[in-house]
Amino acid sequence: MIKQDPEHVPVIVGIGQINDRPDEPGDGLDPIGLMVEALHRADADAGGGLMQDCDSLSVVTQLAWPQLNPVDGPVAERLGIAPAHRMQTAMPNGDSPILLLHEAANRIGRGEARICAITGGEALRTAGQLAALKTRAGGEKPNALRDATHRVRKGYAQSYGLVVPTDVYPLYENAGRAAYGQSLAEGQAESGAIWSLMSEVAAESDGAWIRKPVSAEDVITPSESNRPIAFPYTKLQVANSSVNQGAGFIVTSLAEARRRGIAEARMVWVGHGAAAHESGNFLARDRYDASPSLATSIERTMELNGLAADDLAHVELYSCFPCVPKMARRVLGWPIERPSTVFGGLTFGGGPIGNYMSHAVVAMVGKLRGTREKGLLFANGGYATHNHTILLSGAPTGAVFPQDFDYQAEADAHRGAVPRLDEDYTGPATIESYTVHYGRDGLPRSGVVVARTPTGARTLASVPAEEDETIGFLTDGRHEPVGTTGTVAREGEDLAIWRRG
């Protein structure tokens, strides 16, 4: 191992998180309050006095209270600090905390900072409760996530109902299941097994939102309390964004930690990491059964650290929807019998939009302190778009900072050709993937098919809710819809319609 100057070795020394469950919506903390409280707790966890000398503050942007953005100013003001370096992520992507951790480690490695704080918080539960008190014409129920102004988009995909992540990730689920050679029952059983283990972890996790174990069967079975969302996902298979949660952590140099008398058993070391992304346009992906950037991020991180899956004591495989940890565990070689989370996942631990991985960092540090064990953090953001993986360890890793974590060129080299998008196509086509979107009453609202034309172009087609036979074919599991043929038809200026056969 290369001898390093401890002034340039990053270690995590303080962790903190908060759940806020007010009896009355008006009594809830806003996202700034959650962030500040999380960092107060992280400071106390580190022994106190670090935040007053913090020279770098990084914040995961939040969407519950957009009027408070940019939030890095108010956070610093409420903390009573004036760090020389302040930043906020442009979007609340799920990889943001790991990106900010990696950048903090690099700043320490370059000697640009001694004490770096990273935090984030969301109060969508309170925002949703307050919105629900308002009356809307027609009695429509407000949705704080869909109503966020910067999430409202219009275009080709959105006209077919592909608007927010819950609409889009099922495309990866259904394509993946077909590629793995699984029946619908087998694919759902895998989801249930992974999610049930997550619920067990959450039940034992400080700071988790839902602390009650759920069986694999209950995870995947639609019921009054577990309504279908977008096929094949039920409510218990999607991220739970209706939470008030904040988390933060403090990264400092090994030398600074020693000067402050922090015991090495309380420190967690940062290893190598890697990041890569897909196109921001989810219709411009080469495939939906795998992600070259996800694979590159995980594989390169393991190679850089010289590790195999058996060397890891713990992992956090991002879990906004089952398709993501399914892809990740296949790349990593992580067995289904072992938990894929240290915090509880985005359903049970809680899904505070872009800040979930801060809670995962908090949980992972708690697991690794005082050990020589290693833990892998894999984060995903956007619409299966952004991927960032990093290693943490209870003992020195030997990783040298700063390090270049951008492996985009490698991911691009492994990507297949992206099919041309044909928005006006009519004629025969083959199903590449699909989903069915449901209303709050549990009934289908509409289906959408992603299809490939005989020339290889990609196009979309709708399945109206009243097309019972086609909806049944897509959802009953008797046949695998992916790879079957049909026809894209148009009637006037309306959306293209998928016709079976």
Exercise for review: Tell me, please, which residues at least two apart from D20 pass salt bridge (Lys or Arg N to Asp or Glu O under 4.0 Å).
Suggested key: none
Revision key, fill the gap. Interatomic distance, NE2@H437 vs OG@S462, rounded to 0.5 Å, equals 10.0 Å
Practice item. Using a strict 4.0 Å threshold on nitrogen-to-oxygen distance, state whether R177 and E480 make a salt bridge. Key: yes
Review point. Would you find a donor on one side and an acceptor on the other, under 3.5 Å apart, between the side chain of D406 and the backbone of Q408?
Key: yes
Review point. Any ion pair linking E316 and R329 (charged N to carboxylate O, less than 4.0 Å)?
Key: no
Check your understanding: By ring-ring contact (aromatic ring centres under 6.0 Å, His included), which residues pair with H277, not counting sequence neighbours?
Key -> none
Point to revise | Ion pair check, R211 and E204, cut-off under 4.0 Å | key: no
Check your understanding: Do NZ/NE/NH1/NH2 and the carboxylate oxygens of E469 and R499 come within less than 4.0 Å?
Key -> no
Point to revise | Under the ring-ring contact (aromatic ring centres under 6.0 Å, His included) test, residues paired with F321 that sit two or more places apart | key: Y169, Y233
Point to revise | Listed partners of E299 passing salt bridge (Lys or Arg N to Asp or Glu O under 4.0 Å), at least two apart | key: none
Point to revise | side chain to side chain contact (heavy atoms under 4.5 Å, CB included) partner of S293, the single match among H386, R415, E410, H414 | key: R415
Point to revise | Criterion ring-ring contact (aromatic ring centres under 6.0 Å, His included) on Y172 and Y288, from CA distance to verdict | key: CA-CA 5 Å; Y172 276 87; Y288 294 110; 5.4 Å; yes
Review point. Of N387, N380, T389, which is the lone residue that meets side-chain hydrogen bond (donor to acceptor under 3.5 Å, both in side chains) with S297?
Key: T389
**Study point:** Under the ring-ring contact (aromatic ring centres under 6.0 Å, His included) test, residues paired with H388 that sit two or more places apart
**Key:** H102, F405
Point to revise | NZ/NE/NH1/NH2 to OD/OE distance under 4.0 Å, E432 and R287 | key: no
Point to revise | Partner of H359 by ring pair (Phe, Tyr, Trp, His ring centres under 6.0 Å), out of W209, F249, F343, F348 | key: F343
Review point. When you check the side-chain N and O atoms of S225 and K235, is any donor under 3.5 Å from an acceptor?
Key: no
Review point. Quick one: does D167's side chain have a donor or acceptor within less than 3.5 Å of a partner on V163's backbone?
Key: yes
Point to revise | Point-to-point distance, once rounded to the nearest 0.5 Å, from OH of Y425 to CZ of R490 | key: 11.0 Å
**Study point:** Separation of L317 CG from I194 CD1 (nearest 0.5 Å)
**Key:** 8.5 Å
**Study point:** Short side-chain to backbone donor-acceptor contact, D289 and G176, under 3.5 Å
**Key:** no
Exercise for review: Specify the closest pair of heavy atoms between N355 and G121, including all atoms of both residues, with the distance to one decimal.
Suggested key: ND2-N, 3.8 Å
Check your understanding: Hey, does the side chain of S199 reach the backbone of P213 with a donor-acceptor pair shorter than 3.5 angstrom?
Key -> no
Review point. Which residues pass the ring-ring contact (aromatic ring centres under 6.0 Å, His included) test with Y160, sequence neighbours left out?
Key: Y156
Review point. Rounded to the nearest 0.5 Å, how far does CG of N244 lie from OG1 of T126?
Key: 3.5 Å
Exercise for review: Kindly say whether G351 contributes a backbone atom to a donor-acceptor pair with the side chain of N240 at under 3.5 angstrom?
Suggested key: no
Check your understanding: Atom CG of L376 and atom CG of L307: how far apart are they, to the nearest 0.5 Å?
Key -> 8.5 Å
Study note, to complete from the structure: dist M35:CE -> Q245:CD (nearest 0.5 Å) comes out at 13.0 Å
Check your understanding: What heavy-atom pair brings Y434 and I431 nearest, and what distance separates the two atoms?
Key -> CD2-CG2, 4.2 Å
